[in-house]
Protein chains: 2
Amino acid sequence: MHAIREAMATMHKRSEEIPPVSKAVESLVRQVIAQVADKWTMLVLEALEEHGTLRFGECGRIVGGISQKMLTKTLREMERDGLVVRTVHPVIPPHVDYTLTELGRELSAAFCGVWTWAETYHAEVSAARRAFREREEG
Amino acid sequence: MHAIREAMATMHKRSEEIPPVSKAVESLVRQVIAQVADKWTMLVLEALEEHGTLRFGECGRIVGGISQKMLTKTLREMERDGLVVRTVHPVIPPHVDYTLTELGRELSAAFCGVWTWAETYHAEVSAARRAFREREEG
DNA sequence: TTCGATACGCACCAAAAGGAGAGTGTCGGC
DNA sequence: GCCGACACTCTCCTTTTGGTGCGTATCGAA
């Protein structure tokens, strides 16, 4: 009945009762990972890495399929985390551009492995999905 | 007034009107990335990489802070994508365990760079956030 | 005999993600 | 003189995400 509640309680307790000093660091790392391992962040990062400095609209066009709202939000978060620098040129009409910082470039390089993996193995993933569906339905 | 609508329409049109042959592949890669660049997927991947074969409950305890529902969902998706193998031992009480496939291990290795980045630079990210907040509020 | 353990599925609900559309202010081109 | 471009912001609205709690089957232990 409440077996699961206790099981999950234990699950949580175990991870909270053992704070091996570096618990704060691990939490931070997780937070950073969760933030950064975002679809749009990855895509924007890629766009900026490939094209260098980009304006808001350019960036949206290159990424493709992103709404203004999400583009604004993603770029703001990246700026906040020190991944991009936002430069406002006070002219009319407004001109704002975004450039990767060193931190951003490093992250982009780190993500490179994942991109390569996806490009290398997407066929295998598709095959696995087909096989899974057939096993389920067939 | 409807300037933006047109701008965004153009934004989308551009990316949809130019299908440079590898458009399908890019779409697939993006889909795979979006799937795989998930917080829980990364965490489970890490747990399995570090501990080898794990049971459902063990996995939850190691990842920490994940609900059953999300753990089930994450593991199912990973199985579907060919990242883990799910083995059911038909005993009572039930015993199910999960192991990374070669594909999963490759992905884990690819993510290694991101983990390293996060561990290396989390302090910089924190600093950037503080600076951003001070610039905004102060 | 009743409880605890296992690995879930299901129903319900709250919160967050994300899209659509309108509005803003100014300028240069038609 | 009016419209389009820029880089947004703001307000709805829908979809997705994720948590909680309950139920299940069966066995061995208390």
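Hydrogens, waters and symmetry mates play no part in the numbers below; they use all other heavy atoms, side chains included.
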(message) Tell me whether B:R129 is salt-bridged to B:E124, with the criterion being a basic N under 4.0 Å from an acidic carboxylate O.
(response) no
(message) Check the phosphate of C:dA5 against B:R55, side-chain N and O only, distance under 4.0 Å to OP1 or OP2. Yes or no?
(response) no
(request) Let me know, please, whether A:T72 or A:K69 comes out on the 5' side of the other along DNA chain D by nearest nucleotide. (result) A:T72
(message) Among residues at least two apart in sequence or on other chains, which ones pass side chain to side chain donor-acceptor pair (under 3.5 Å) with A:T120?
(response) none
(request) Round to the nearest Å and state the distance from B:R86 atom CZ to C:dA7 atom P. (result) 10 Å
(request) Determine: side-chain N/O of B:R61 to OP1/OP2 of C:dA7, distance under 4.0 Å, yes or no. (result) no
(message) Which residues in residues 89-98 of chain A have a heavy atom closer than 4.0 Å to any atom of DNA chain C?
(response) A:I92, A:P94
(message) Using whole Å, what does the distance between atom C1' of nucleotide C:dG18 and atom CD of A:Q68 come to?
(response) 13 Å
(request) Just jot down the side chain to side chain donor-acceptor pair (under 3.5 Å) partners of B:R55, sequence neighbours excluded, or say none. (result) B:H95
(request) Output all residues satisfying salt bridge (charged side-chain N to carboxylate O under 4.0 Å, His left out) with A:R30, sequence neighbours left out; order by chain, then residue number. (result) A:E26
(message) Under the salt bridge (Lys or Arg N to Asp or Glu O under 4.0 Å) definition, can you give me all pairs with a residue in residues 104-119 of chain B, not counting sequence neighbours?
(response) B:E102-B:R105
(request) Using the test side chain to side chain donor-acceptor pair (under 3.5 Å), find all partners of A:T53 that sit at least two apart in sequence or belong to another chain. (result) A:T99
